[in-house]
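Take a look at the structure below.
Note that the structure is a prediction, hence the values are computed from the model and not measured.
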Amino acid sequence: MWIAALTCARAADPGFQKWLQELWPQAETLGVSRATFDAATRALEPDLTLPDLDLPGREGAPPRGQAEFVQTPADYIKETTIANLAAQAKKLAAEHARTLAGIEQQFGVPGNILLAIWGRETAFGGYKLPKNAVTVLATQGYYGRRKDFFRQEFLYALKMLEEGHVKLADMRSSWGGAMGLTQFLPSEFYKYAVDFDGDGKKDIWRSVPDALASAAQQLVGKGWQRGTRWAYEARAPQGVDCTIAVPEVTRPAELGEPASLLLPEGTYGPAFLTLKNYYVIKEYNFSDLYVLFVGHLSDRIGDPRAFETPWSKNTQLRTAQVESMQRTLTKLGLYKDKIDGKAGMLTRSALGAYQKANRLKVDCWPTAAVVDDMQKRAARN
């Protein structure tokens, strides 16, 4: 039924082609020729299987691509995956030693961080990106929830084609439109792409030096601190107040730099002291689990030890349950971020505040006990 609804939405909206053609003046302003514009948009059809689209018939359904269950750190940061990627990265570190040393000298970003990003984004080029970037960006620009953002990205993608940075057939991307070995949106390409191998091209698709140097320049552009780590694993004291594990609460750490406590699994699992570079990586991909994956993988390239404290075996909750929690916490004034069904820093802290207020076990983690308590209180009210 849902697929049928999507098909109807597509058939009922003849405005997509009209919208594409209305973009021509903006594309022309960016230097795109009519021939390039026509070649990219001719017979272009939207991809309505993409997540995060605003379509009739999709209300109430979780966006495609969003997990039905809350992904725990143990699910995302699998030890077997980390170990395999670290082994590959060691070989690549030796193979590209001169390039990585040159990039670190110029940009201040350690080679292991860049290798970890490359490994996470495309498995060192082994993962072939599944989508056509032009299709993705046009679809998101017309149907997506961030239309203005993706419309501009679409126009920059046309500019990339015009300037010969990549051929249309090779413009493969993720569902979000990011391209290349280290996953760049078109606007990021224009801000940060580097010709590090000196061949006159900024080739983030095939040139490892260009892709890694471009990733380094992007991190620097987002505030990377030379000579500083991303985070340290820490031993949280027994009975630590998990509600303080938010970026706003800091203590002096390395060289006096402020650090904040991170408890990715509440009072279960490892604890971390996060530094400025943690949040710089998070600007690359706005996910704590992504940063932990990249940071830990970067450490494992040179150090075989896993986290000192293992992840727990907590039961996963459904995304809808966490969304319900977030709505309740919002009504109570404890949570002021987006309702996304993800157990992020602010959700965990707000849950801890709720647990404190209602004399529950304070663990700052979405558990069945908290779901039950919220449902009982809602029934009584």
Side-chain angles (χ1 to χ4, degrees), residues 1-13 15-17 19-20 23 41 44-71 75-76 120-122 127-158 171-180 182-189 282-291 293 316-327 330 335-347:
M1 177 183 261
W2 184 56
I3 295 298
L6 294 188
T7 305
C8 291
R10 174 172 170 174
D13 189 355
F16 179 71
Q17 287 297 330
W19 173 81
L20 279 177
L23 291 178
T41 59
L44 178 60
E45 294 288 348
D47 180 354
L48 301 187
T49 68
L50 297 175
D52 212 27
L53 301 183
D54 188 9
L55 291 169
R58 196 177 276 193
E59 295 86 353
R64 289 285 297 275
Q66 178 177 317
E68 183 183 5
F69 293 94
V70 173
Q71 197 166 32
D75 300 324
Y76 190 94
R120 181 67 191 92
E121 294 291 358
T122 59
Y127 172 68
K128 301 307 177 186
L129 295 167
K131 301 289 185 180
N132 176 274
V134 170
T135 300
V136 167
L137 297 172
T139 303
Q140 293 285 4
Y142 184 72
Y143 291 104
R145 299 180 190 278
R146 295 190 292 159
K147 292 179 174 61
D148 291 344
F149 173 82
F150 280 106
R151 182 181 67 244
Q152 197 61 35
E153 294 296 337
F154 174 71
L155 291 168
Y156 277 121
L158 297 179
M171 212 174 201
R172 308 302 297 172
S173 78
S174 66
W175 68 260
M179 299 174 284
T182 52
Q183 294 282 277
F184 269 47
L185 285 166
S187 64
E188 293 167 338
F189 177 87
K282 194 170 179 178
E283 287 286 316
Y284 202 99
N285 182 310
F286 198 75
S287 160
D288 289 305
L289 293 181
Y290 176 90
V291 184
F293 189 108
Q316 300 177 80
L317 295 185
R318 292 180 181 272
T319 300
Q321 290 175 298
V322 178
E323 287 180 347
S324 177
M325 284 183 178
Q326 290 172 328
R327 290 190 186 94
T330 299
Y335 181 68
K336 297 178 181 177
D337 206 34
K338 60 186 175 181
I339 309 297
D340 60 4
K342 298 174 183 176
M345 291 179 183
L346 299 182
T347 298

Any pair counted as salt bridge (charged side-chain N to carboxylate O under 4.0 Å, His left out), so long as it reaches residues 171-180, sequence neighbours left out: none

Sequence-distant partners of Phe293, side chain to side chain contact (heavy atoms under 4.5 Å, CB included), two or more places apart: Tyr76, Ile77, Thr81, Ile82, Leu85, Arg120, Leu297

With Ser187 via side chain to side chain donor-acceptor pair (under 3.5 Å) - residues at least two apart: Glu153

By side chain to side chain donor-acceptor pair (under 3.5 Å) - contacts of Tyr290 (at least two apart): Glu121

Audit row: Val136, Trp175, side-chain contact (heavy atoms from CB on, under 4.5 Å) steps and yes/no: CA-CA 6 Å; Val136 167; Trp175 68 260; 5.7 Å; no

Contact check, side chains of Pro186 and Met179, non-hydrogen atoms, under 4.5 Å: yes

Taking every non-hydrogen atom, the tightest pair across Pro130 and Ser174: CD-CA, 4.4 Å

Asp54 vs Tyr143 side-chain heavy atoms within contact, under 4.5 Å: no

Residue pairs involving residues 129-144 (criterion salt bridge (charged side-chain N to carboxylate O under 4.0 Å, His left out); sequence neighbours excluded): Asp47-Lys131

Qualifying residues under side chain to side chain contact (heavy atoms under 4.5 Å, CB included), relative to Ala138, sequence neighbours excluded: Phe16, Trp19, Leu20, Leu44, Phe154

Residues that Asp75 engages under side chain to side chain donor-acceptor pair (under 3.5 Å), provided they are two or more places apart: Thr72

Neighbour count above 12 (heavy atom, 6.0 Å) for Lys147 NZ: yes

All side chain to side chain donor-acceptor pair (under 3.5 Å) counterparts of Thr347, not counting sequence neighbours: Gln326, Tyr335

Closest heavy-atom pair and its distance - Ala157, Leu137: CB-CD1, 3.8 Å

4.5 Å side-chain heavy-atom contact, Met171 and Val134: yes

Close side-chain approach of Lys282 and Asp288, heavy atoms under 4.5 Å: yes

Tyr284, OH atom: more than 12 neighbouring heavy atoms under 6.0 Å: yes

